[in-house]
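Computation of the quantities below employed the complete heavy-atom set of this structure, encompassing side-chain atoms and omitting hydrogens, waters and symmetry-equivalent molecules. Quick note on labels: first sequence line is chain A, next is B, and so on, each numbered from 1.
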There are 2 protein chains.
Amino acid sequence: MSEGVEWGLHCCVTLAWLGDEEPVPAARLAERFQLPPAYLNKCLQALGRAGILTSTPGARGGFRLARAPERITLLDLVTAIEGPEEAFRCTEIRQRCAEANPASREFLRPCAIAAAMHKAELAWRKELAAQTLADLSAAAPRSARDAALRWFGRGEND
Amino acid sequence: MSEGVEWGLHCCVTLAWLGDEEPVPAARLAERFQLPPAYLNKCLQALGRAGILTSTPGARGGFRLARAPERITLLDLVTAIEGPEEAFRCTEIRQRCAEANPASREFLRPCAIAAAMHKAELAWRKELAAQTLADLSAAAPRSARDAALRWFGRGEND
DNA sequence: GCGATGATACTCGGATATATAATGTCCGAGTATAAGAGG
DNA sequence: CCTCTTATACTCGGACATTATATATCCGAGTATCATCGC
């Protein structure tokens, strides 16, 4: 799995803490976590295309959450970075057998192996879909949230 | 996920059908599924190192299941090919924050994000561990099993 | 005819290339800001 | 003092390198088979 998933998760949790009053530049998030700024920007762009973040260009621009943290699941985030296709992709090698006839009726049913892997993937996605950004924000220790608010210069004046 | 997982699964199901009376060369399995012989051999080697297959060198050699299909889970197979580490690997970027002190007590608890991803991975592994090669063998249509037996020259004399 | 011996073909096993995807970097398009001139 | 204009700094967005991983290939080590030779 790409590192972008971890980066995106941490950034989104941070954005959830900061609130969406004003956007946060990718460069600033990168500085926070000591990450390469340009590549983090690329990952956040993917989240933007997926409708998880909204981006505003120009000065005082940046990224903010597109909707409430309660309505953003981990599955949304992972799918945005990793793509919608499943980890196990069946290439139908059962049909490559010499005597196999692709028109045969047995191939109308899905491959038993692919079905088994698909079942496991569904369980995985179900767990991811059951947890939201709000859950993660709440699970983290308060000290981490406070430190983030301080570092980004919020929370003192608010 | 590597293609080797799909190949290994199909090969192991086939081996389960054929029984472990005499080993099957990797080249023959590759021919069956139109796969590159040398690379399939490499994948089967990984299964051998994991204790799923036993290999016998020399003439009339090849691979056979190391234990009964009921005692080989999909998780065993996937782990053998993909490795034991989880898909999501936490790099502890929460500790890279400037003000973070690695000795701080909050870092004794696991990262909430890593914990969430870990939970999903456990659900995935649980599903994989619940299904055995025997289940897959039984789930496939009888015609596929019969065709395999014919193609490998077994079942007529037995 | 039977056993020992050597040559041979076959198979795994790991070391070595190539292709693909992940990671990392760079520069242009566009916007809000701020300064400055004019009224 | 207020408004319009202009220059500027900032940020995203996608195009372009670089590195790591997966895929594919090749050749050597070792074993069972078979033929051959000797008894």
Quiz prompt | DNA chain C: 5'-proximal contact among A:Ser2 and B:Gly61 (nearest heavy atom) | solution = B:Gly61
Quiz prompt | Along DNA chain C (nearest heavy atom to each residue), the more 5'-positioned of A:Met1 and B:Gly48 | solution = B:Gly48
Side chain of [X]: nearest nucleotide among [options]?
| X | options | value |
| --- | --- | --- |
| B:Pro57 | D:dT31, D:dT23, D:dT33 | D:dT31 |
| A:Asn41 | C:dA22, C:dC12, D:dC12 | D:dC12 |
| B:Pro25 | D:dG13, C:dT33, C:dT11 | C:dT11 |
| A:Gln45 | D:dT31, C:dG24, D:dG14 | D:dG14 |
| B:Ala38 | D:dA24, D:dA32, D:dC26 | D:dC26 |

Self-check item: Minimum heavy-atom distance between B:Ala80 and B:Leu47, given as atom pair plus value
Solution: CB-CD2, 3.7 Å
Quiz item: Is it true that a side-chain atom of A:Glu6 and a backbone atom of B:Thr91 form a donor plus acceptor pair closer than 3.5 Å?
Solution: yes
Quiz prompt | Donor-acceptor pair, side chain of B:Thr56 and main chain of B:Gly62, under 3.5 angstrom | solution = yes
Practice problem: Would you list the pairs meeting side-chain hydrogen bond (donor to acceptor under 3.5 Å, both in side chains) in which at least one residue belongs to residues 123-145 of chain B, sequence neighbours left out? | Solution: A:Glu106-B:Ser143, B:Glu121-B:Arg125, B:Thr132-B:Asp135
Can you tell me how far [atom2] of [N] sits from [atom1] of [X], to the nearest Å?
| X | N | atom1 | atom2 | result |
| --- | --- | --- | --- | --- |
| A:Lys42 | C:dC26 | NZ | C1' | 11 Å |
| B:Tyr39 | C:dT20 | OH | P | 13 Å |
| A:Leu35 | C:dT23 | CG | C1' | 12 Å |
| A:Phe33 | C:dG24 | CZ | C1' | 19 Å |
| B:Leu29 | C:dT11 | CG | P | 12 Å |
| B:Glu22 | C:dC12 | CD | P | 13 Å |
| A:Glu6 | C:dT23 | CD | C1' | 15 Å |
| A:Glu31 | D:dC10 | CD | P | 14 Å |

OP1, OP2 of [N] versus side-chain N and O of [X]: anything below 4.0 Å?
| X | N | value |
| --- | --- | --- |
| B:Ser55 | C:dG13 | yes |
| B:Arg49 | C:dG14 | yes |
| B:Thr56 | D:dT31 | no |

Sort me out a list of protein N/O and nucleotides 34-36 of chain C N/O pairs below 3.5 Å, or just none if empty.
none

Quiz prompt | Ring centroid separation B:Trp7 to B:Tyr39 under 6.0 Å | solution = yes
Quiz prompt | Residue mapping more 5' on DNA chain D - nearest nucleotide basis, B:Glu82 or A:Ala59 | solution = A:Ala59
Practice problem: Decide whether A:Ser2 and A:Glu82 meet the rule of one side-chain donor and one side-chain acceptor closer than 3.5 Å. | Solution: yes
Practice problem: May I ask you to say what A:Ala27 touches in the nucleic acid, namely base, sugar-phosphate or nothing, with a heavy-atom cut-off under 4.0 Å? | Solution: nothing
Quiz prompt | Option passing side chain to side chain contact (heavy atoms under 4.5 Å, CB included) with A:Cys11 (candidates A:Val24, A:Leu40, A:Leu77) | solution = A:Leu40
Quiz item: salt bridge (Lys or Arg N to Asp or Glu O under 4.0 Å): which pairs involve residues 41-68 of chain B, sequence neighbours left out?
Solution: B:Glu22-B:Arg60, B:Arg67-B:Asp76
